[in-house]
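Read through the structure below, which is laid out as structure tokens, and then see the notes.
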Amino acid sequence: MSKGEVGVIAGFMHFLSTIITLLAVSYFGILSMKKVQTSQDFSVGSRKLNRYQISGSILGTVVGGASTIGTAQLAFQRGFNAMWFTLGSAAACLLLGFLIAGPLQRAQVDTIPEFLSQSYGEKAGFAASIITSFAIFIHVIGQILSSTAIFTSMFHVSTAIALLVTIGFILSYIFYGGFLGTSRIGIIKTFLLYFALIMSGMAVYLHFNGVEGMLHAFPDRQWFNLFSGGIFAGAAQGFSMVIGIVSTQTYLQAMFAGKDEKESQKGAFIAALLIPPVGLLSTVIGMYMRVAHPETIPKQALIVFILKYLHPVVGGVAIAALIISVLGTASGLILGIATMITRDIYSKKINSCADDRQQLAFFRYCILGISVISGCFVWGNADSLILEWGFLSMALRGTTVFIPLLGVIFYKKRISAEGGLKAILVAPILALMWGIYGIKTVDPLYVGVLASIGIMMGYSVKEKKKSFPAS
């Protein structure tokens, strides 16, 4: 058999195992529909989820293309410094478990804007819902762009077909089962991703001839230094992830969904334990590709490794796991937006008399609408716009929610309702303006967070003086 024939067979096996895996996972997502009877089932699983379902929901969204493909890409260029994305994600999950899960569970709400409105008023909750929905939408566009790029490069299909397939898979994950669908897909994705990365890690270990071989391949120990880009820069990357995750509806929704406080906490801790190995294995693979195939385009390092070094059937499953990682992240984020729009806008501002059946139907219409609009953005060649503005997604989420959320949890008796509203409105605007006109070396996220702290402290002091007038 010629090399060409072997290549054709291998390519067919890659294609077949990838498609079978993707369709099987979609089937499990659709099956979640059987457990959805009410809008509470759809949004938070009726608050009956155990620790494994909660961790599956978190992992299903947080472990996406950036944790795998993006980490391998950065490792190809910088080494262990690439692990900050996953380390920051794990730290955020620890924060969720130790400090945030309890207060969110006791609040008995479905969204972060609902939680904030209890202390800052309905206007603050409405503003938070609008701003964070827009910020998360920007992130969704990036995930759909990534998925479309994978389908077009892997299967040589047109952008239109890749886009339709992407939207179709996303809908199969969440349109029927909602939160239960993201949880189930997250658990399956975690198993598939670990299988793929462990197999890849074993192959790297053998080709490096062990740890000593890897150390010999990189005599400059900066490749193994987490802070190779500087201590402040490394810590800032991790801190940005903590703020971003703790400020995003999708991850906090998992805390609302636990059947009790302990299950929510343990779900966050399991996620924190499982995230770093994904980053470590992706990093090692990226570094191996730097040595063995330096001509590789960095962003393709992980995919090229899988295609070159894994058995075609295993490789197909691995490619499917990477695709599911990207799709799962997009699905979880879309569900978070739909939850805020349905609970905070539709049922309170548009149709306050909506019964549960109407709310459940609106949930699904909203998911369909967000998915279609996202597809239109990508189809309209908006990638340059997203690349230019995508970095502001994290800043907008973090500056809108992070400090007001911590204020409610830790300083509830000292915070000012007016200060919270002003912080939610003004801080993201300042971050946005800084991103456009400010010093590029200073992240807009930090400008917005500092502004939020200043505004809330200022109004708290002002109200305290009103409470104790001078004699």
Side-chain angles (χ1 to χ4, degrees), residues 6-7 9-29 56 59-60 62-76 82 85-86 143 146-157 162 165-166 169 173 185-208 274-290 292-293 296-330:
V6 171
I9 293 173
F12 177 74
M13 292 174 70
H14 271 129
F15 174 80
L16 190 62
S17 60
T18 299
I19 295 300
I20 290 174
T21 305
L22 289 173
L23 291 176
V25 172
S26 290
Y27 175 72
F28 282 111
L59 292 167
V62 78
V63 180
S67 303
T68 52
I69 297 171
T71 297
Q73 173 188 358
L74 196 57
F76 186 97
F85 185 92
T86 47
Q143 295 300 310
S146 298
S147 173
T148 303
I150 293 173
F151 277 114
T152 53
S153 61
M154 285 294 302
F155 304 117
H156 307 291
V157 296
V165 171
T166 294
F169 278 121
Y173 292 174
I185 295 298
I187 293 171
I188 296 171
K189 182 183 87 172
T190 301
F191 278 108
L192 289 174
L193 197 57
Y194 259 80
F195 168 74
L197 290 176
I198 288 172
M199 295 296 291
S200 299
M202 291 170 61
V204 167
Y205 184 84
L206 293 174
H207 284 88
F208 260 137
L274 292 176
I275 292 170
V278 173
L280 177 60
L281 290 168
S282 298
T283 295
V284 171
I285 294 166
M287 291 175 68
Y288 174 76
M289 292 299 289
R290 171 78 180 210
H293 303 279
T296 303
I297 298 172
K299 67 181 180 180
Q300 296 179 357
L302 183 55
I303 293 176
V304 171
F305 178 88
I306 289 171
L307 295 176
K308 281 183 175 292
Y309 291 97
L310 297 185
H311 185 278
V313 173
V314 176
V317 174
I319 293 296
L322 294 178
I323 294 172
I324 294 165
S325 295
V326 176
L327 294 173
T329 298

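When a residue number appears, it is its place in the shown sequence, counting from 1.
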Legend entry - Main-chain N/O of K189 paired to S325 side chain as donor or acceptor, under 3.5 Å: no
Legend entry - N/O donor-acceptor pair under 3.5 Å between T18 side chain and G316 backbone: yes
Approximate separation, where rounding is to 0.5 Å, of [X] [atom1] and [Y] [atom2]:
X	Y	atom1	atom2	result
I285	F76	CD1	CZ	13.5 Å
L302	I69	CG	CD1	6.5 Å
I323	L192	CD1	CG	12.0 Å
L16	T21	CG	OG1	9.0 Å
F191	F195	CZ	CZ	13.0 Å
I275	T190	CD1	OG1	9.0 Å

How close do [X] and [Y] get, counting heavy atoms only, and between which atoms?
X	Y	value
L59	L274	CD1-CD1, 3.7 Å
V62	S67	O-OG, 3.2 Å
L193	V63	CD2-CG1, 3.4 Å
A301	A72	CB-O, 4.4 Å
A318	L310	CB-CD1, 4.2 Å
A162	F151	CB-CB, 3.7 Å

Inset, instruction - Answer yes if the side chains of S282 and T71 hold a donor-acceptor pair under 3.5 Å, and no otherwise. - result: no
Inset, instruction - Assess whether atom OH of Y205 is packed by more than 12 heavy atoms of other residues, nucleotides or ligands within 6.0 Å. - result: no
Inset, instruction - Tell me whether the centres of the aromatic rings in Y288 and Y309 are closer together than 6.0 Å. - result: yes
Inset, instruction - In sequence, state the C-alpha distance, the side-chain angles, and the governing distance for V304 and M289, and then conclude on side-chain contact (heavy atoms from CB on, under 4.5 Å). - result: CA-CA 9 Å; V304 171; M289 292 299 289; 3.6 Å; yes
Side chains of [X] and [Y] in contact at under 4.5 Å (non-hydrogen atoms):
X	Y	value
I150	F155	no
F305	V204	yes
H311	M199	no

Inset, instruction - Show your working on side-chain contact (heavy atoms from CB on, under 4.5 Å) between I188 and I324 and close with a plain yes or no. - result: CA-CA 10 Å; I188 296 171; I324 294 165; over 6 Å; no
Extract all donor-acceptor atom pairs below 3.5 Å that involve side chains of residues 22-29 and protein atoms in other chains or at least two apart in sequence.
{"unit_1": "S26", "atom_1": "OG", "unit_2": "L22", "atom_2": "O", "d": "3.2"}
{"unit_1": "S26", "atom_1": "OG", "unit_2": "S172", "atom_2": "OG", "d": "3.1"}

